[in-house]
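Report on the following structure.
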Amino acid sequence: MSSNPYSPDNVLVVTFGEDPEKDENAYQALTDLKQLDSQDQIKITGAAVVTRDSEGRIEVKSDVGEDPYVGTASGGLIGLLIGIIGGPLGMLIGGTYGMLVGALFDIDEVDTTETVLGEISKQVQPTRTAVLAQVTEQSPEVIAAAIARLGVEVLRRPAVAVEEEIAVAEEAQRKAKQEARKELHDARVDKTKSDAHAKVEEMKAKFHHSKAGASA
């Protein structure tokens with residue numbers, strides 16, 4: 001039985017070293033990946049040039065998706081990844097050990113293990129540009145040879161690992177939203193009870209004042 005030439009399925013983060021001026025190479029790197037795809041040397045499932053602003057938000061500058069090349073910012077694994085690392089949870093997962101705390105993983109694991117999402121998030125630095133891509137490739141050397149001239153650094157992680165952590169992160173976000181809604185509801189109930197109690201006390205005071213006036 002012949003093996004699939006497009007293996008494994010990876011998520012790549014392509015960055016451009018310490019010199020911010022090299023970030024312009026991100027667009028050429030994306031072009032080079034698309035060319036490899038057109039030559040059937042790799043297969044792009046989704047890819048995007050992204051920037052992170054000083055506040056931590058991520059903006060998609062240019063993107064491609066699978067058949068035909070369409071935007072991935074609103075769908076696909078890369079789109080989901082951008083949504084996670086560019087949102088509030090991205091601030092948590094960018095720490096030294098991921099800092100996903102007990103909401104995502106066993107606390108002992110968090111203390112000793114770098115998460116995949118944490119690694120990816122840290123690669124996309126504030127005010128810098130990077131390429132995020134999901135590709136299937138014959139070997140890492142194909143992409144390395146094509147974009148080495150651009151002065152790149154490539155972080156490569158299995159897509160399945162990224163998918164697993166995104167699923168956990170999404171669940172953590174859902175639970176956090178539920179907890180926030182519960183706290184807001186409880187606060188409103190407490191305020192309503194407090195307001196009602198204050199109103200009754202005010203009525204009592206008026207009643208006693210009126211009764212005292214009548215007795216006089």
Side-chain angles (χ1 to χ4, degrees), residues 1-16 26 29-30 32-37 39-50 52 58 60 63-67 69 72-87 89-90 92-101 103-125 129-148 150 152-173:
M1 180 181 297
S2 62
S3 59
N4 186 343
Y6 293 120
S7 177
D9 185 12
N10 289 316
V11 169
L12 311 182
V13 187
V14 183
T15 53
F16 302 90
L30 183 59
D32 290 347
L33 292 178
K34 290 164 65 175
Q35 184 173 4
L36 291 176
D37 181 279
Q39 296 169 350
D40 292 330
Q41 295 192 62
I42 67 171
K43 181 176 184 294
I44 299 175
T45 302
V49 173
V50 301
R52 189 194 292 275
I58 287 183
V60 177
D63 59 351
V64 298
E66 60 181 347
D67 193 27
Y69 280 178
T72 59
S74 60
L77 182 58
I78 295 301
L80 291 173
L81 178 61
I82 291 169
I84 291 292
I85 68 174
L89 196 59
L92 295 177
I93 64 180
T96 302
Y97 293 111
M99 294 187 67
L100 296 181
V101 294
L104 292 181
F105 298 102
D106 180 84
I107 192 65
D108 292 332
E109 182 180 347
V110 172
D111 286 341
T112 59
T113 305
E114 175 74 277
T115 66
V116 172
L117 291 182
E119 291 179 304
I120 293 173
S121 183
K122 286 196 298 182
Q123 290 297 111
V124 186
Q125 293 291 317
T129 301
V131 177
L132 300 177
Q134 181 185 5
V135 303
T136 48
E137 52 190 341
Q138 301 174 46
S139 72
E141 287 73 22
V142 173
I143 289 177
I147 62 177
L150 301 176
V152 302
E153 299 174 6
V154 180
L155 176 73
R156 179 182 277 99
R157 292 295 180 264
V160 64
V162 177
E163 290 172 347
E164 289 171 353
E165 289 196 9
I166 284 178
V168 176
E170 291 283 4
E171 177 65 13
Q173 284 187 321

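These values consider heavy atoms only, across backbone and side chains, with no hydrogens, waters or symmetry-generated copies. Positions are given from 1 along the sequence.
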side-chain contact (heavy atoms from CB on, under 4.5 Å) evaluation trace for Leu150 with Val14: CA-CA 10 Å; Leu150 301 176; Val14 183; over 6 Å; no
Test item: Val152 and Val131 side chains (from C-beta on) under 4.5 Å apart, heavy atoms: no
Flag side-chain contact, heavy atom, 4.5 Å: Ile85 against Ile120: yes
Any Leu81 side-chain heavy atom under 4.5 Å of Leu117 side chain: yes
Any residue meeting side-chain contact (heavy atoms from CB on, under 4.5 Å) with Pro140, in chain and number order, not counting sequence neighbours: Arg156
Side chains of Glu165 and Thr115 in contact at under 4.5 Å (non-hydrogen atoms): yes
Closest heavy-atom pair and its distance - Ile143, Glu137: CD1-OE1, 3.3 Å
Shortest non-hydrogen separation from Ile42 to Leu33 and the atoms involved: CD1-O, 3.6 Å
Nearest heavy-atom neighbours spanning Leu36 and Ala146: CD1-CB, 3.7 Å
Residues Asp9 and Gln134: side-chain donor-acceptor under 3.5 angstrom: yes
Straight-line distance of Lys43 NZ to Thr136 OG1, nearest 0.5 Å: 5.5 Å
Heavy-atom closest contact (Val116 atom, Ala161 atom, distance): CG2-CB, 4.1 Å
Asp37 side-chain N/O to Ile44 backbone N/O, donor-acceptor pair under 3.5 Å: yes
Non-hydrogen atoms of Ala130 and Thr15 that approach each other most closely: CB-CG2, 3.9 Å
Student check: side-chain heavy atoms of Val162 and Asn10 closer than 4.5 Å: no
Close side-chain approach of Thr129 and Val49, heavy atoms under 4.5 Å: yes
Which atom of Ala47 lies closest to which atom of Ile78, heavy atoms considered: N-CG1, 4.4 Å
Separation between CG of Leu132 and CD of Gln123, rounded to the nearest 0.5 Å: 10.0 Å
Test item: Thr45 and Val135 side chains (from C-beta on) under 4.5 Å apart, heavy atoms: no
Main-chain N/O of Val13 paired with Arg157 side-chain donor or acceptor, under 3.5 Å: no
Side chains of Glu163 and Ile166 in contact at under 4.5 Å (non-hydrogen atoms): no
Separation between CZ of Arg52 and OG of Ser121, rounded to the nearest 0.5 Å: 4.5 Å
